[in-house]
Amino acid sequence: MTKAYDPKSIEKKWQSYWYGQKVFEVKEEPGKKKFYGLIEFPYPSGAGIHVGHIRAYTGMEVIARKRRMEGYNVLFPIGYDAFGLPTENYAMATKQHPRIVTDKNIKHFDEQLHKVGYSFNFERAVDTTDPDYYRWTQWIFLQMFKRGLAYKSKTFVNFCPKCKVVLANEESQGGVCDRCGSEVEQKVKDVWFLKIREYADRLLTGLDGLDFLDKIKVEQANWIGKSRGAQVTFPVTCGKETYPMVVYTTRPDTIFGVTFVVVAPEHPMLEKFADGIENFAEVADYQQKAKLKKEFERVHLNKEKSGVLVKGLTAKNPITGKDIPVFVADYVMMDYGTGAIMAVPAHDTRDYEFAKKFGLPIIEVIEGGDIEKEAYVAKEGGKMINSGFLNGMEVKDAIATMIEHMEKIGVGVAKTDYKMKDWAFNRQRYWGEPIPVVNCPDCGQVAVPEEELPLRLPDLEDFSPTDDATSPLSKVTDWVNCKCPKCGKPAKRETDTMPQWAGSSWYFLRYMSPKCDTAVVDPEAYKYWNQVDWYNGGMEHVTRHVIYSRFWNMFLYDIGVVGEPEPYKKRTAQGLILGTDGEKMSKSRGNVVNPDDVIAEYGADVLRTFILFIGDYEKPAPWSVEGVRGCWRFLNRVWNLLDMVKEVGGGDVNMAAVIKKTSEDYEANKYNTAIACLMTAINGFYSRGSVKKEELITIIKLLYPVAPHMTSEMYEILTGGKIEQTAWPTYDEKDLVADEVEIPVQVNGKLKAKITVGKDAEEAEALEAAKEAFGQLREMNIVKVIYVKGRIINIVAR
RNA sequence: GCCGUUGUGGCGGAACAGGCAGACGCAAGGGACUUAAAAUCCCUCGGUGGAGACACCGUAUCGGUUCGAGCCCGAUCAACGGCACCA
């Protein structure tokens, strides 16, 4: 009798073997096939890992362990994305240096991850806050700066009054701060941007060749937001002066329906004509009000259109030659298109609302709608009317014809635009990478020389943010004051730091050669590890982190640092783990599950098994205390098979099918059904009352990626060997299907009986067996028989 | 508003490529073992009717295609996610 399953001692034993002997350490071995599996490295928060991390990592962990048994050299690294606000806020609150807090948190994470038994390459761990790491983050930034891809520009920025930090658009969605929930204000700041828009088209078309989940591709494409249209110049006159006002439109076909033009409140034309605008006071007042409106109000709450007629300006439709009025209205945004639009109220809902409110004419140019009631937004079909030479054309042809015509007479050009904006690349906080640029009164912005990198964060007593939205670094005068690297005169350093997304935009490259001090990535190491073969992470990072890192990698490809434009061959995403109440886990709801507790009670193998068995890997799933117990029972049943090993019994469990199903399901992120398949097999052994040693070895190999501690111990008991040195089970195709199969008999589509026939039985034989099993068939008039070998027989009869 | 995803027992979820709906697990009920409980092992477990063999109904709703539909087509409803005065 083998002793009872004791996860505590078993897990301790195998973890000290794995980590003590550095079993998972890898080196580049040209000639050996490689697999690079990546999970999103965690932000080391004070709370430690939570079950969401466990779900995200355990999927790839299964693949990594399986790949090793399949003979791959596996890179499966871990690291820490440690710059950022929560640490800084916590450090301020507890009056410790963020460095201390970060080190403590990383140590805690590291211990927890070891306790789960992950086969990470812990010795390659990176930390984005390590100067040896951020030296290269800064280096990449400098390469962009030198090529004009990083620039400073005055803009309205989203400012969080509580965190005292400028937020990227994606951090202030819904008009509230992502981190603290405060309402965001608009502020003018001179901030750094990265020209990600220059890569918009490549980021979009690059998706075609990638093995990303469809929903991920769709989300990225939406985020990039490509639209095709035209830029058209509407000359605007004010007294004797003329301003070539350019509008962007996706519907040049509707230009005969333009009855007015609208500019954004920030549009420069208004300043230019300040003297000539008859009601400038009124216009200026409107501009002021628009500025004060928070982004959220302007976009979401203020559905009622507002605006002001700009008196004294007249625009000319370049196609019809007609004069039309100019309005300023905040439904036109300065940062999309050209900040000016041609309004076609008959065929655009917003223009329609505006025209109704201001009593402006509405000219129908596409037939098919009822413009008395609403705008008719016809994207295809419909014939052009009231449109001169376009009359009678389909919309699609009219667009092409009009663009061609505009280009010919020189009033417009075809133009592609993107919703994606340039990446606001700055933080006015302490705990981030210093931007390595010096401001010289004579030379302007000058790059810090590469040999001076890393530009270290100075030590600071008080790193609390300043009220005026400048970085706390601005208070460190002996750091700020420096010499211009170009001319040697006194100059000042940039005091902004980089945003959280910087360090994570290239970390997958650093893992390949974490200690390399001559390059971002050692070329030899890159040559071997190359692209990430499979990257798993959360849906919430699909539009920011994944796009940003694709952009950085593409840039590094352009400057010859890496050999592939795309960093990730395959990307999948796990679903959220919800609380037992079905709600998102949160401290305030009190429904947070701590993985440490599960390990303490049932062991890491049970935790790993349950997190995979909980449901469809890609969908959200609620935690279940009883479900954990079910997995505990399952592992015990597997363990107890040790006492049932006998060389008797038959083929009632089809091992070939089990190997096939489990292997394929793992590869498809279907861990729940893979485990279910193993459970079914084990139930089969129990009802047989015995298991062959060979069968048991196969089962524990298949279960090893999920529950590696227990299966390592079992393998050692059975054979004296180490399971990770064995090969992944294989099967013979011919063993998959039994010679005799049970198939259903349907009569008129309804199940009536079941018959057992040879897998290749002919129709006549099957029909005879069906008649045998369902006697009434003999009295019936058989009209038709549908027989699918090994599947079904359906008899149509009266 | 636009784009996308999903809807199956008391619960989490299975179902190849249109071929036995509900695998597997949980919960529940029953039995064995035990002085007893826990643990373990075995059995039952979509609904209605029936003692039973069995019959009928059943995958959000309505309709269609098909020998056969959870799966395909059309319409509707609901939930979730993303984008959003994007011109």
Are A:Lys357 and A:Glu304 ion-paired here, with the side-chain N under 4.0 Å from a carboxylate O?
yes

Rounded interatomic separation in angstrom, taking OH from A:Tyr336 and P from B:C83:
16 Å

Counting Watson-Crick and G-U wobble pairs only, both distances under 3.5 Å, name the nucleotide matched with B:U6, or none.
B:A78

Heavy atoms only, 4.0 Å cut-off, all strands: where does A:Ser624 land among base, sugar-phosphate and nothing?
nothing

Nucleotide paired to B:A51 in any strand shown, Watson-Crick or G-U, under 3.5 Å
none

Classify A:Lys670 by what it touches in the nucleic acid, base, sugar-phosphate, or nothing, heavy-atom distance under 4.0 Å.
sugar-phosphate

Residue pair A:Glu40 / A:His541, side-chain donor-acceptor N/O under 3.5 Å
yes

Which way is the base of B:G7 turned, syn or anti, if we draw the line at 90° from 0?
anti

Side-chain donor/acceptor of A:Lys754 to base of B:C20, under 3.5 Å:
yes

Could you state the atom-to-atom distance from CZ of A:Phe354 to P of B:C85 in whole Å?
17 Å

Which nucleotide, B:G25, B:G13, B:G68, lies nearest any side-chain atom of A:Asn672?
B:G13

Watson-Crick or G-U wobble partner of B:A17, both distances under 3.5 Å:
none

A:Lys305 charged N/C atom sitting above A:Tyr331 aromatic ring, 6.0 Å / 45°:
yes

Using a heavy-atom cut-off of 4.0 Å across all strands, would you classify A:Tyr686 as base, sugar-phosphate, or nothing?
sugar-phosphate

Would A:Phe354 and A:Phe327 satisfy ring pair (Phe, Tyr, Trp, His ring centres under 6.0 Å), going step by step from the backbone distance to the final call?
CA-CA 10 Å; A:Phe354 194 84; A:Phe327 283 84; 5.2 Å; yes

If we take the C1' atom in both B:G64 and B:G47, what is their distance in whole Å?
27 Å

Under 4.0 Å between any heavy atoms, over every strand shown, what does A:Glu626 touch: base, sugar-phosphate, or nothing? Just pick one.
sugar-phosphate

Of the candidate nucleotides B:G12, B:C3, B:A23, which contains the atom at the shortest distance from the side chain of A:Thr673?
B:A23

Is any side-chain nitrogen or oxygen of A:Lys750 closer than 4.0 Å to OP1 or OP2 of B:A69?
no

A:Asp616 near the nucleic acid: base, sugar-phosphate alone, or nothing, with a heavy-atom cut-off under 4.0 Å?
sugar-phosphate

Residue pair A:Cys677/A:Asn222 against RNA chain B: nearer the 5' end by closest nucleotide is A:Asn222

Any strand, both distances under 3.5 Å, Watson-Crick or G-U wobble: B:C41 pairs with B:G31

Shortest side-chain distance from A:Gln746, nucleotide among B:C20, B:C86, B:G81
B:C20

Taking the six-membered ring of A:Tyr686 as reference, does the cationic atom of A:Arg637 (NZ for Lys, CZ for Arg) lie under 6.0 Å from its centre and within 45° of its axis?
yes

Taking only the P atom of each, what is the distance from B:U76 to B:A53 in whole angstrom?
45 Å

What's the CG-P distance between A:Leu635 and B:U40, to the nearest Å?
13 Å

OP1 or OP2 of B:A27 sitting under 4.0 Å from any side-chain N/O of A:Arg633?
yes

Less than 4.0 angstrom between a side-chain N/O of A:Tyr248 and OP1 or OP2 of B:A87, yes or no?
no

Counting Watson-Crick and G-U wobble pairs only, both distances under 3.5 Å, name the nucleotide matched with B:G70, or none.
none

Choose from B:G4, B:G25, B:C20 the nucleotide whose nearest atom is closest to any side-chain atom of A:Lys215.
B:G4

Distance-only polar pair, side chains of A:Tyr248 and A:Ser227, donor-acceptor under 3.5 Å:
yes

Whole-Å P distance, B:C62 and B:G58:
9 Å

What is the distance, rounded to the nearest whole Å, between atom CD of A:Glu219 and atom P of B:A84?
11 Å

Straight-line distance of A:Asp417 CG to A:Thr250 OG1, nearest 0.5 Å:
10.5 Å

Within the 4.0 Å heavy-atom criterion, would you say A:Asn794 contacts the bases, only the backbone, or no part of the nucleic acid?
base

Please report the distance separating the P of B:G70 from the corresponding atom of B:G18, rounded so that it comes out in whole Å.
13 Å

Which part of the nucleic acid, if any, lies within reach of A:Asp351 when heavy atoms closer than 4.0 Å are counted: base, sugar-phosphate only, or nothing?
nothing

Does B:G58 have a Watson-Crick or wobble partner in any strand here, with both distances under 3.5 angstrom, and which is it?
none

Side chain of A:Lys752 only, heavy atoms from C-beta on: which candidate in B:C24, B:C56, B:A87 is closest?
B:C56

Applying a 3.5 Å limit to both distances, which nucleotide forms a Watson-Crick or G-U wobble pair with B:A23?
none

Could you measure between the two P atoms, the one in B:G1 and the one in B:A14, and give it in whole Å?
32 Å

For A:Asn683, answer base if it contacts any base atom (sugar-phosphate contacts may also be present), sugar-phosphate if it contacts only those atoms, and nothing otherwise; contact means non-hydrogen atoms under 4.0 Å.
sugar-phosphate

Paired with B:C83: which nucleotide, if any, by Watson-Crick or G-U wobble criteria at under 3.5 Å for both distances?
B:G1

Step through the shown structure and confirm whether more than 12 heavy atoms of other residues, nucleotides or ligands are within 6.0 Å of CD on A:Glu540.
yes

May I ask you to verify whether the side chain of A:Lys419 and the base of B:C83 hold a donor-acceptor pair under 3.5 Å?
no

Nearest to the side chain of A:Ala676, heavy atoms from C-beta on, is which of B:A23, B:C86, B:U6?
B:A23

Candidate nucleotides B:C24, B:A39, B:G19, ranked by approach to the side chain of A:Met679 - the nearest
B:C24

Among B:C67, B:G4, B:G25, the nucleotide that comes nearest once only the side chain of A:Val796 is considered
B:C67

Contact class for A:Ile786 (heavy atom, under 4.0 Å): base, sugar-phosphate, or nothing?
base

Using a cut-off of less than 4.0 Å, is there contact between a side-chain N or O of A:Arg637 and OP1 or OP2 of B:C41?
yes

Under 4.0 Å between a Lys/Arg side-chain N and an Asp/Glu carboxylate O for A:Asp214 and A:Lys217?
no

Any N or O donor-acceptor pair under 3.5 Å from the base of B:C16 to the side chain of A:Arg791?
yes

Quantified in whole Å, what is the C1' atom distance between nucleotide B:C45 and nucleotide B:G10?
11 Å

Could you say whether A:Thr338 or A:Ile792 is positioned toward the 5' end of RNA chain B, judged by the nucleotide with the nearest heavy atom to each?
A:Ile792

Which is true for A:Gly225 with a 4.0 Å heavy-atom rule: it touches a base, it touches only sugar-phosphate, or it touches nothing?
nothing

